[in-house]
Undergrad: 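Below: one structure in structure tokens.
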Amino acid sequence: MANLTNNHLSTMFWGTTDPDDFTKGVQHCINAVKAQVGIYAGDNLFTYNRNLSFLEDAPFMAAVEKNVTTEVERAIIWRTSVLLWGVRNGLRLEGDFVEGGCYKGTSVRIVCETVDFAKVGKRYFLYDLFDHDPTMPHHAMPEHSKQLAKSVVDRFADMPNVVVTQGKIPDVLEQVAPEKIAFMHLDMNNAPAEVSALEVLFERMVPGALLVLDDYGWIAYRGQKLAEDSWFAARGYHVLELPTGQGLVIKR
Ligand SMILES: C[S@@+](CC[C@H](N)C(=O)[O-])C[C@H]1O[C@@H](n2cnc3c(N)ncnc32)[C@H](O)[C@@H]1O
């Protein structure tokens, strides 16, 4: 029998008025679960008695343990496992991989280590502004800075097929972008930027390639979901909202 003690517990929940009280409430719920197995708490998710198959994926969990440094990164590993699934699917297809909005590169790093990406005959194109100014429509991230671009380039120094580009989407796509795409992740918390990325890149996705929209299911980014729903509806697509808060589209 598989090891069924798999649990993944984090105190990272967004949008609560009293985080300590909320955590106590979650713990109270956990205490009331008959079989204390398959519990995932964090990232606004609470499940129990689930397989949580990604916790049994040894290379993935090794990469998680090696690269996760913050509570947010730990809380979101279910989301990260969805990206890994998209990448594994893309390995069988023609084309390269894209992440619009890579920030520190943590989720890509975890995925790339899991699949030993340096040995894969594909490139992974990462884009970010890396720095923030208050006129921008998206929010700042804690480690945005003048140094972040270099630190992400350095982070992938052992994977020459990971191409890190600093710039604003969509403008930067005129300089650097793959012709064919086997997997794409958009995570910019920025509706105009995400729609502009779709305008340029969606038609380059090959049939069967997966698109993951990180912010799609979150009320805080509802404007982004509405903009993307209209964009996809006009092209005969529907976005699947996942329990992780991500949106999923399969390119035809
Ligand atoms: C939530 S973070 C990305 C997190 C990352 N995908 C991960 O998994 O760790 C969002 C990032 O999108 C970037 N961003 C927002 N608008 C952008 C644009 N127009 N062009 C490029 N990057 C953008 C921000 O600089 C920010 O670092």
Side-chain angles (χ1 to χ4, degrees), residues 10 12 14 42-44 54 60 63-64 66-87 97-114 117 124-153 155-156 162-177 183-201 210-218 220-221 223-225 227-228 242 244-248:
S10 162
M12 195 68 240
W14 285 271
D43 199 19
N44 294 16
F54 49 91
F60 173 67
V64 165
K66 196 168 148 203
N67 290 288
V68 156
T69 58
T70 68
E71 192 55 30
V72 171
E73 290 167 351
R74 179 165 299 284
I76 68 171
I77 68 164
W78 200 331
R79 290 195 229 182
T80 312
S81 77
V82 171
L83 305 181
L84 173 60
W85 178 74
V87 160
F97 301 153
V98 170
E99 181 167 78
C102 66
Y103 185 41
K104 293 165 22 184
T106 302
S107 57
V108 174
R109 182 77 214 177
I110 291 169
V111 167
C112 284
E113 285 189 16
T114 307
F117 193 70
Y124 212 135
F125 290 85
L126 312 190
Y127 302 92
D128 208 290
L129 298 154
F130 295 114
D131 204 0
H132 185 80
D133 87 55
T135 63
M136 291 171 174
H138 61 282
H139 58 78
M141 301 287 287
E143 295 192 37
H144 275 155
S145 73
K146 301 264 175 287
Q147 293 74 42
L148 183 58
K150 181 175 182 313
S151 96
V152 176
V153 169
R155 190 172 195 180
F156 288 95
V162 176
V163 183
V164 181
T165 306
Q166 181 169 22
K168 182 181 172 199
I169 288 177
D171 309 353
V172 69
L173 301 175
E174 285 174 21
Q175 297 146 35
V176 185
F183 171 68
M184 181 156 74
H185 180 217
L186 295 180
D187 183 10
M188 291 185 277
N189 312 98
N190 178 345
E194 294 217 356
V195 171
S196 71
L198 291 172
E199 292 282 355
V200 180
L201 299 177
L210 303 174
L211 167 67
V212 176
L213 303 163
D214 183 73
D215 317 312
Y216 180 83
W218 295 82
Y221 302 109
Q224 196 167 306
K225 167 206 151 51
E228 288 169 343
L242 301 177
T244 54
Q246 294 157 306
L248 177 66

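Order of appearance sets the numbers: ligands from 1, and atoms from 1 within every ligand.
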Undergrad: What protein heavy atom is closest to atom 16 (N) of ligand 1, reported as residue, atom name and distance in Å?
TA: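 Its nearest protein heavy-atom neighbour is N190 ND2, 3.0 Å.
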Undergrad: For the pair Y127 (side chain) and V176 (backbone), establish whether a donor and an acceptor sit closer than 3.5 Å, ignoring hydrogens and angles.
TA: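 Judged by distance alone, yes, a pair lies under 3.5 Å.
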Undergrad: With F183, which of L83, V111, V98 fulfils side-chain contact (heavy atoms from CB on, under 4.5 Å)?
TA: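 With F183 as partner, L83, V111, V98 yield a single side-chain contact (heavy atoms from CB on, under 4.5 Å), made by L83.
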Undergrad: Polar contacts were defined as any N/O atom of the residue lying under 3.5 Å from an N/O atom of the ligand; does this apply to D131 and ligand 1?
TA: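 There is no such contact.
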Undergrad: Polar-atom distance check: Y127 versus ligand 1, any N or O pair below 3.5 Å?
TA: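 Between Y127 and ligand 1, no N or O pair is found under 3.5 Å apart.
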Undergrad: Closest non-hydrogen protein atom to atom 3 (C) of ligand 1, residue and atom name please, with distance?
TA: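 Here the closest protein heavy atom is G101 O, 3.2 Å.
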Undergrad: State if G167 counts as touching ligand 1 under the rule of any non-hydrogen atom under 4.0 Å.
TA: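 G167: in contact with ligand 1 (<4.0 Å).
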Undergrad: Who's closest to atom 26 (C) of ligand 1 heavy-atom-wise, of M188, E143, H144, E99?
TA: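 It is H144 that holds the nearest heavy atom.
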Undergrad: Compare R109, M141, H132 and give the one whose heavy atom is closest to atom 2 (S) of ligand 1.
TA: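 Of the listed residues, M141 has the closest heavy atom.
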Undergrad: Less than 4.5 Å apart, any side-chain heavy atom of L248 and any of W85?
TA: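 In short, these two side chains touch, coming nearer than 4.5 Å.
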Undergrad: With side chains defined as the heavy atoms from C-beta onward, is the minimum distance between D131 and L148 less than 4.5 Å?
TA: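 Counting from C-beta outward, D131 and L148 never come under 4.5 Å.
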Undergrad: Taking side chain as C-beta onward, heavy atoms only, is V64 less than 4.5 Å from T80?
TA: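 Not in contact.
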Undergrad: Determine whether K104 and R155 make a side-chain contact, defined as any pair of heavy atoms from C-beta on separated by less than 4.5 Å.
TA: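 Heavy-atom side-chain distance check passes, below 4.5 Å.
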Undergrad: Write down the atom of A75, the atom of D43, and the distance for their closest heavy-atom approach.
TA: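 Smallest interatomic distance, heavy atoms only, reads O-CB, 3.5 Å.
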Undergrad: So is K104 close enough to ligand 1, meaning a heavy atom under 4.0 angstrom away?
TA: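 No; K104 lies far enough from ligand 1 that no heavy-atom distance drops under 4.0 Å.
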Undergrad: Does any N or O of ligand 1 fall below 3.5 Å from an N or O anywhere on A193, backbone included?
TA: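 Min N/O separation from ligand 1 is not below 3.5 Å for A193.
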Undergrad: State which residue, out of L242, D187, T244, fulfils the side-chain contact (heavy atoms from CB on, under 4.5 Å) condition with R79.
TA: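 Among L242, D187, T244, the one that satisfies the side-chain contact (heavy atoms from CB on, under 4.5 Å) with R79 is T244.
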Undergrad: Side chain, backbone, both or neither: which part of K168 has a heavy atom under 4.0 Å from ligand 1?
TA: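 For K168, backbone and side-chain atoms both sit under 4.0 Å from ligand 1.
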Undergrad: Do W14 and V72 come close enough that some side-chain heavy atom pair is under 4.5 Å?
TA: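 They are in contact (side-chain heavy atoms under 4.5 Å apart), so the answer is yes.
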Undergrad: Please report which non-hydrogen protein atom sits nearest to atom 8 (O) of ligand 1, along with the residue it belongs to and the distance in Å to one decimal place.
TA: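 Answer, as residue, atom name and distance: S107 OG, 2.6 Å.
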Undergrad: How far is atom 17 (C) of ligand 1 from the closest protein heavy atom, and which atom is that?
TA: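 So the nearest neighbour among protein heavy atoms is L129 CD1, 3.4 Å.
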Undergrad: How about F97 and F117: are their ring centroids closer than 6.0 Å?
TA: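 Between F117 and F97, which both carry aromatic rings, the centre distance is below 6.0 Å.
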Undergrad: Hey, is D187 touching ligand 1 through its side chain, its backbone, both or neither, going by heavy atoms under 4.0 Å?
TA: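 Near ligand 1, D187 shows its backbone as well as its side chain.
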Undergrad: Would you tell me which option among N189, T80, I169 has the nearest heavy-atom contact to atom 18 (C) of ligand 1?
TA: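 Nearest option to atom 18 (C) of ligand 1, by heavy atoms: I169.
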Undergrad: Are E73 and ligand 1 in contact, using a heavy-atom cut-off of under 4.0 Å?
TA: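 No, E73 has no heavy atoms under 4.0 Å from ligand 1.
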Undergrad: Considering only heavy atoms, which of I76, D128, V172 lies nearest to atom 25 (O) of ligand 1?
TA: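 Considering heavy atoms of I76, D128, V172, the nearest to atom 25 (O) of ligand 1 sits in D128.
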